[in-house]
Amino acid sequence: MTWIVKYLWLIPALPMLAAGISALAPQRCRKFSSSLAIGSMGLALLLSLWAFVNSVQQGGVDGADRYFNFAWLQFAAGDAGILKLGWVLDPLTAVMLVMVTFVGLLIFIYSVGYMAHDENFTRFFTFLSLFAGAMLGVVIANSLLLLFICWELVGLTSYLLIGFWYHKPSAAAAAKKAFITTRIGDVALLLGMVWLYHETGTLLFYDDGAGCLETSALAKLIATTTSVGMAVSTAIGLLIFAGAVGKSGQVPLHVWLPDAMEGPTPVSALIHAATMVAAGVFLVARVFPLMGAHAEGAAAETAALQTVTWIGAITAVFAASIAVAQNDIKRILAYSTVSQLGYMMMGLGTGGVAVGMFHLITHAFFKALLFMGAGSVIHGCQEEQDIRKMGGIRKYMPITFATYAVGMLALAGFPLLFSGFWSKDEILHAAHGWPVSHVPFYLGVAGAFLTAFYMTRQVALVFLGPNRSRAWESADHSHARGNPPTHVGGKDKGAPHESPAVMTWPLIILATCAIVLGFIGTPMWPWFQSFLGQEHGEGLTTGVVALMVVSSLIVFAGIGVGWWLYGRKPIQRADKSDVLEKLPAGAYTWLERKYGVDELYEISVIRFNAWFARACDFLDAWVWGGAVKLVSLITLGLSWVSRVFDEFVINLGFDQSCDGVSRGGKLMSRWQDGRVQNYLRVIGVALTVLVIILVWGGSR
């Protein structure tokens with residue numbers, strides 16, 4: 001075991017330590033807090049690169065030989081009563097560590113410029129460091145329990161960061177929505193974890209052949225069936241997948257993710273690219289041996305993987321169609337994230353770990369680029385987020401435009417030059433060859449067309465055409481007449497302006513990665529797939545080329561339609577209706593309102609929950625509370641009866657008896673006073689009385 005494997009825990013510990021120290025620092029220590037956060041992520045990146053190189057040198061050896069476990073808790077005698085935790089360095093961990101730390105570091109640097117005017121700058125970097133550390137803990141975990149602990153820390157920090165601007169009601173509501181929605185999936189994950197421990201006696205993934213992802217445990221899980229005839233491995237896999245559905249915003253638990261953009265833009269970039277939403281996809285990839293486990297001779301497409309595929313395919317096209325009709329620059333990207341996560345799930349279900357993870361890695365870079373580019377636009381446009389009120393920004397923000405265009409083309413899957421094309425095509429190729437059904441492939445193709453269309457629409461409305469903000473135009477004219485621009489809170493109220501270098505350099509680096517990263521997984525050189533231990537395909541065959549041509553035509557069609565509707569004749573005024581509003585049957589309204597899913601949940605789940613809460617309150621206040629009050633009144637009444645009986649019956653009779661005895665005792669005590677003369681008097685009186693009685697009796 002090498003040094004880096006044994007001390008892999010240092011990678012998440014560094015940002016967590018930075019968060020702890022920063023939490024104790026005063027708010028005025030802004031530079032100290034940001035430097036500490038960036039420095040910790042820089043060191044974590046160096047260690048991650050070391051771990052990655054070490055994993056490459058080992059030839060992509062899987063986790064069975066690259067883990068470190070230790071006893072954490074002993075709750076009973078013997079080895080069976082020891083609960084172990086541990087971490088693992090396999091190819092999956094190695095690539096995720098580099099991605100999270102590298103993208104996270106760029107977002108941290110970008111945040112220095114974006115949050116420069118925020119009064120809670122120090123607190124922001126505290127939460128950001130804890131968020132990154134928790135995600136890195138998820139990545140290195142060799143135990144489902146340790147993964148779950150860090151998983152919940154990710155949920156906590158996402159709540160703190162989404163609601164960072166808690167003075168905004170929308171941000172506070174979005175934070176609560178994210179926290180509660182993801183808890184639904186987490187409950188299922190917890191149940192699956194408990195069930196897995198019950199069946200295997202361990203939550204370690206790898207443990208000298210005794211781990212829950214190793215052959216002996218998987219054979220037992222496959223052989224055991226539930227009451228409905230389903231293999232226990234499938235049932236547990238579905239419960240774990242439910243946790244991933246919540247974290248990665250898949251249908252039907254997707255509703256929190258678009259609202260998560262209410263937090264600061266660096267938070268959106270971190271959540272939507274490298275951390276929280278990636279955690280769900282990573283979890284499915286980590287437990288893939290469990291989900292894909294099947295008996296000898298059975299079909300390899302297990303029920304668990306089929307569920308993953310269908311949920312992913314539906315989510316991909318569902319979210320992409322909603323993004324078509326959104327006007328908030330970040331909300332469009334948020335629904336794009338939901339859609340792309342669906343692609344990743346579909347890739348995992350149809351093609352295996354390498355296919356889904358390849359898109360996760362490439363998506364992390366260009367989606368971080370797009371969110372940070374959107375933040376640069378918002379920063380330069382005085383917090384404006386409505387794309388209808390932008391236009392013509394290209395001439396004001398050339399660096400942001402150029403890098404954003406790269407991110408847009410990568411997300412759209414522009415052929416050959418951009419990473420999104422290669423990773424998306426891997427998924428479509430796997431879906432096309434899926435023996436269960438071709439429907440996911442067609443849904444993926446539809447999603448690819450919609451992605452190219454809505455991203456073209458966004459770029460055309462934001463960067464091209466005329467400037468549609470009267471405030472900017474009036475400020476420009478005033479400045480042209482010699483009047484200085486107006487500043488509010490340190491920001492220019494005039495025309496949009498390019499962001500500072502601390503924000504643009506991360507964009508340039510990410511744009512470069514969005515171009516070159518795709519070449520590590522092309523059909524000509526499938527290094528990434530080989531590194532993750534998956535057999536690569538047949539290379540650049542006729543079928544692969546044909547699919548690439550079809551995919552390219554779909555992308556060109558999406559970009560062409562978007563350009564025809566929005567770029568060729570750009571809208572002149574912000575209040576002009578969208579061309580898609582002419583769609584029949586009120587389709588645009590349905591898309592704009594997100595198919596009414598939030599409203600459906602509002603009138604069903606949330607209303608039922610509110611009714612149930614009121615019913616519970618009524619039961620608590622009037623039934624259970626009334627029963628408690630009735631019992632208390634009965635008890636009080638009995639106590640009063642007992643008191644009356646005690647004081648006026650028992651105590652009174654006892655007291656009178658005691659008084660009689662006491663008086664008798666006092667009387668008798670007078671006869672027993674110890675004086676001889678008194679005794680003689682009594683005897684004399686007694687004798688006199690006796691004599692009188694005798695004489696009286698004799699005379700009669």
Side-chain angles (χ1 to χ4, degrees), residues 312-327 329 331-344 346-347 359 362-363 366-367 369-370 373-374 387 401 404-429 431-432 439-465 514-515 518 546-571 578-584 587-588 590-592:
I314 292 169
T315 302
V317 70
F318 177 83
S321 63
I322 295 176
V324 165
Q326 302 305 307
N327 295 309
I329 187 172
R331 191 173 291 275
I332 295 170
L333 297 178
Y335 275 105
S336 169
T337 299
V338 177
S339 177
Q340 297 305 306
L341 290 167
Y343 273 104
M344 296 173 206
M346 185 168 66
H359 195 55
T362 60
H363 174 266
F366 59 71
K367 185 50 65 69
L369 168 62
L370 288 169
I387 61 176
F401 167 69
Y404 201 92
V406 170
M408 171 263 174
L409 292 172
L411 175 58
F414 194 85
L416 303 180
L417 295 178
F418 299 93
S419 59
F421 169 77
W422 299 109
S423 58
K424 179 204 65 180
D425 264 32
E426 279 282 328
I427 295 172
L428 292 179
H429 183 74
H432 186 265
V439 174
F441 169 74
Y442 296 124
L443 292 176
V445 169
F449 171 82
L450 292 173
T451 302
F453 172 76
Y454 67 68
M455 287 308 299
T456 304
R457 171 181 179 265
Q458 186 191 56
V459 168
L461 292 178
V462 173
F463 294 100
L464 308 179
I515 295 174
L547 189 60
M548 289 171 59
V549 171
V550 171
S551 174
S552 300
L553 292 175
I554 292 296
V555 172
F556 288 142
I559 294 175
V561 173
W563 174 259
W564 181 265
L565 295 178
Y566 295 97
R568 183 176 59 93
K569 291 183 178 180
I571 60 175
D578 195 292
V579 65
L580 294 181
E581 293 182 25
K582 298 177 182 178
L583 290 174
Y588 180 82
W590 277 103
L591 298 177
E592 187 179 30

Short side-chain to backbone donor-acceptor contact, Glu581 and Tyr588, under 3.5 Å: no
Smallest heavy-atom separation, Ala313 atom then Met346 atom, equals CB-SD, 3.6 Å
Side-chain donor-acceptor contact under 3.5 Å, Tyr454 with Ser336: yes
Kindly say whether Val317 contributes a backbone atom to a donor-acceptor pair with the side chain of Ser321 at under 3.5 angstrom? yes
Interatomic distance, CG@Leu370 vs CD@Gln458, rounded to 0.5 Å, equals 7.5 Å
Taking every heavy atom of Leu428 against every heavy atom of Val445, the minimum-distance pair comes out as CD2-N, 3.9 Å
Nearest 0.5 Å, what's the CG-CG distance between Leu591 and Leu450? 9.0 Å
Would you say the side-chain atoms of Thr451 pair up with the backbone N or O of Ala412, donor to acceptor, closer than 3.5 Å? no
From CG (Leu416) to CH2 (Trp422), nearest 0.5 Å: 5.0 Å
Kindly give the heavy-atom pair with the smallest separation between Val555 and Gly413, and that separation in Å. CG2-O, 3.4 Å
Check whether any side-chain heavy atom of Val579 lies under 4.5 Å from a side-chain heavy atom of Ile571, and answer yes or no. no
Is Phe449 close to Val561 at the side-chain level, that is, under 4.5 Å between some pair of heavy atoms? yes
Give, for atom CG of Leu333 and atom CD of Gln340, the distance between the pair rounded to the nearest 0.5 Å. 11.0 Å
Test log, rule side-chain contact (heavy atoms from CB on, under 4.5 Å), inputs Asp578 and Arg457: CA-CA 11 Å; Asp578 195 292; Arg457 171 181 179 265; 3.0 Å; yes
Below 30° counts as parallel, above 60° as perpendicular, anything between as tilted: where do the rings of Phe366 and His363 land? perpendicular
Between His359 and Glu426, is any side-chain donor less than 3.5 angstrom from a side-chain acceptor? no
Nearest heavy-atom contact between Ile427 and Met344 is CD1-N, 4.3 Å
Between Met408 and Thr456, is there a side-chain heavy-atom distance shorter than 4.5 Å? yes
I need the minimum non-hydrogen distance between Ala431 and Pro440, along with the two atoms involved. CB-C, 4.5 Å
If I compare all heavy atoms of Ser423 with all of Gly420, which pair ends up nearest, and what's the gap? OG-O, 3.5 Å
With side chains defined as the heavy atoms from C-beta onward, is the minimum distance between Ile387 and Tyr566 less than 4.5 Å? no
Between the main-chain N or O of Tyr335 and the side-chain N or O of Ser339, is there a donor-acceptor pair closer than 3.5 Å? no
Angle between ring planes, Phe414 versus Phe556, binned at 30° and 60°: parallel, tilted or perpendicular? perpendicular
Less than 4.5 Å apart, side chain to side chain, heavy atoms only: is that true for Phe418 and Ile515? yes
Short side-chain to backbone donor-acceptor contact, Tyr343 and Gly444, under 3.5 Å: yes
I need the Leu417 CG to Leu409 CG distance, nearest 0.5 Å. 9.0 Å
